[in-house]
Novice: 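Starting off with a structure, shown below.
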Amino acid sequence: MTTNYITIPGITNDHVTLSPQTISIAVPTCIQTITPDKNGYVSPGTCHALYDYYPSFTAALAFSVIFGMLTIAHIAQAALFKTKFCWVIIMGSIWETISFTARAISTRNQQNEWIQLISELFVLLAPLWVNAFAYMLLARMIHFYLPIHSIFSIPASVLAIAFVTLDFISFVIQLVGGSYAGPTAPVTQQLKGVHIYMGGIGLQQLFIFLFLALGVKFHREMFWLERVGSAKEGWKGLLFTLYGSLGFITIRIFFRLIEFSGGNTSSNPFPYHEVYFYVLEAVPMCLAILCYNVTHPGTVLQGPEARLPTIRSLVFKKRRGRKQQAGSGGKGGVEMGSNYVELGVESISIHVELEGKDPREGRNSFREKFRLW
């Protein structure tokens, strides 16, 4: 404890005279009594100790190189396949590279709290970029593979914007929590920051579960299209790649939730052993990014339908459709067209005539007629 003294000047006027007053304020301080080693390390729990273990320079350097190689590979693949939206996964990989590079530097400068804080913030927030990429990818798959370009009657573009917005909200919450919980911050502030961060990461996982419901719905729709011989190729590998990436992110989220909820107690081994950080944080995120290197979206999503239309174009198209309906005077105010979906069942090539835009409208009668299932 350090005692600070503040002197309040006196006041003298026609009505009152107050003499100067000196007050003392006890301020908790950290006085370093242990000499750091050549890398700045001091024992956990002592003044200016940034880590609860002796961090490995070799491990941090190795993962900074791995994430750097993944970043270069994604940049090359995005250029090769002309997939502009892959800048999102590239940003996630860059942030991981920055984090582990800063961590490698921090292991040799353990008295510098700013380097450690940069490493911590980037490693906490980088997965949100990978999350956002998964949201954007499924939206493009819905637009590319489903004839009506929507799911649950929601256009793919709207789904992408909605989930990316939710991801951004989670990003802001985790950023605030992570910045509050710096290693040299007061204990009360650290606890507040941890609680905020846990709320943000919990929201992130909730959004992933909601998103997986859309993935399952898309999966079922593609099974039906595949059964009737109307599905484009390549959807299974890309969808399972997306599932795998989100699975690795989920492992990482549950690790963080357990780590932070357990507190810095002897019954919680996660904060005191670096191996947990690498096995349950670094490795899952490495694999989550690697998934999209192995099965790159650009190998499948090619052509005009691989691009999502803007919200403005969707609104314009809807207005134009209303005007056409109003002037058609057809059945129910809807202009009847010859909309066909070519379906193949075994060696039979048939056409199902539809009155609307959704080829699934004839699904029930088609099932009964041909006894598919």
Side-chain angles (χ1 to χ4, degrees), residues 81 83 85 133-160 162-163 207-248 250 291-292 294-309 314 317-318 321 331-332 334-373:
F81 299 116
T83 48
F85 77 101
F133 182 74
Y135 299 154
M136 297 169 67
L137 175 58
L138 183 61
R140 279 163 173 77
M141 292 176 67
I142 291 171
H143 183 78
F144 185 81
Y145 284 107
L146 298 185
I148 56 172
H149 310 306
S150 65
I151 202 163
F152 289 122
S153 300
I154 305 174
S157 298
V158 175
L159 286 174
F163 274 93
F207 299 152
I208 289 177
F209 285 144
L210 294 176
F211 177 75
L212 285 176
L214 295 178
V216 172
K217 175 65 175 176
F218 171 78
H219 204 146
R220 294 184 62 186
E221 294 296 328
M222 290 306 301
F223 267 140
W224 182 78
L225 290 174
E226 192 176 62
R227 191 73 176 268
V228 298
S230 186
K232 298 177 184 178
E233 296 182 354
W235 68 272
K236 280 186 179 179
L238 198 53
L239 185 61
F240 282 114
T241 296
L242 187 147
Y243 287 157
S245 180
L246 290 179
F248 289 125
T250 297
C291 283
Y292 298 115
V294 176
T295 306
H296 195 273
T299 60
V300 178
L301 303 180
Q302 292 289 335
E305 291 186 349
R307 297 182 179 180
L308 282 180
L314 290 176
K317 184 177 180 181
K318 187 175 182 179
K331 180 181 178 181
V334 180
E335 183 179 0
M336 303 299 294
S338 297
N339 298 323
Y340 295 92
V341 175
E342 189 170 344
L343 306 173
V345 181
E346 298 178 347
S347 61
I348 304 175
S349 179
I350 65 172
H351 289 82
V352 178
E353 186 172 359
L354 303 174
E355 296 182 354
K357 296 181 179 179
D358 190 345
R360 296 170 297 176
E361 293 180 11
R363 179 186 297 180
N364 293 332
S365 59
F366 186 78
R367 290 175 179 171
E368 294 173 359
K369 185 175 181 179
F370 294 96
R371 298 177 181 177
L372 291 178
W373 67 89

Novice: Restricting to non-hydrogen atoms, name the atom on Ala160 and the atom on Leu308 that form the minimum distance, rounded to 0.1 Å.
Specialist: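 Smallest heavy-atom distance, with atoms named: CB-CD1, 4.0 Å.
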Novice: Could you check Leu242 against Phe218 for side chain to side chain contact (heavy atoms under 4.5 Å, CB included), going step by step and ending with a plain yes or no?
Specialist: CA-CA 12 Å; Leu242 187 147; Phe218 171 78; over 6 Å; no
Novice: Between Phe85 and Leu137, does the side chain to side chain contact (heavy atoms under 4.5 Å, CB included) criterion hold? Intermediate values first, please.
Specialist: CA-CA 9 Å; Phe85 77 101; Leu137 175 58; 4.2 Å; yes
Novice: Pairs of donor and acceptor atoms involving the side chains of residues 140-147, under 3.5 Å and at least two apart or interchain, shall be tabulated with distances.
Specialist:
residue: Arg140; atom: NH1; partner: Met136; partner atom: O; Å: 3.3
residue: Tyr145; atom: OH; partner: Glu233; partner atom: O; Å: 3.0
residue: Tyr145; atom: OH; partner: Trp235; partner atom: N; Å: 3.2

Novice: Please set out all donor-acceptor pairs under 3.5 angstrom arising from side-chain atoms of residues 297-306, sequence neighbours excluded.
Specialist:
residue: Thr299; atom: OG1; partner: His296; partner atom: O; Å: 2.6
residue: Gln302; atom: NE2; partner: Gly298; partner atom: O; Å: 2.4
residue: Glu305; atom: OE1; partner: Lys232; partner atom: NZ; Å: 2.7

Novice: Mind listing the closest non-hydrogen atom pair of Gly244 and Cys291 along with its distance?
Specialist: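 Closest approach of Gly244 to Cys291, heavy atoms only: C-SG, 4.3 Å.
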Novice: Under 3.5 Å, is there a donor-acceptor pair between the side chain of Thr241 and the main chain of Gly237?
Specialist: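 It does hold such a pair.
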Novice: When rounded to the nearest 0.5 angstrom, what is the spacing between OG in Ser150 and CD in Glu221?
Specialist: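 Result: 9.5 Å between the selected atoms.
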Novice: How long is the span from the NE2 atom in His219 to the CD atom in Glu226, to the nearest 0.5 Å?
Specialist: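 CD of Glu226 is found 8.5 Å from NE2 of His219.
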Novice: Hey, do the aromatic rings of Phe133 and Tyr292 have their centres closer than 6.0 Å?
Specialist: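 Yes, close enough.
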Novice: Is the shortest heavy-atom distance from the side chain of Leu214 to the side chain of Phe163 under 4.5 Å?
Specialist: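 The answer is yes; the side chains approach within 4.5 Å.
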Novice: Do Leu159 and Phe211 come within less than 4.5 Å of each other through their side chains, counting heavy atoms only?
Specialist: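 Contact flag for Leu159/Phe211 side chains = no.
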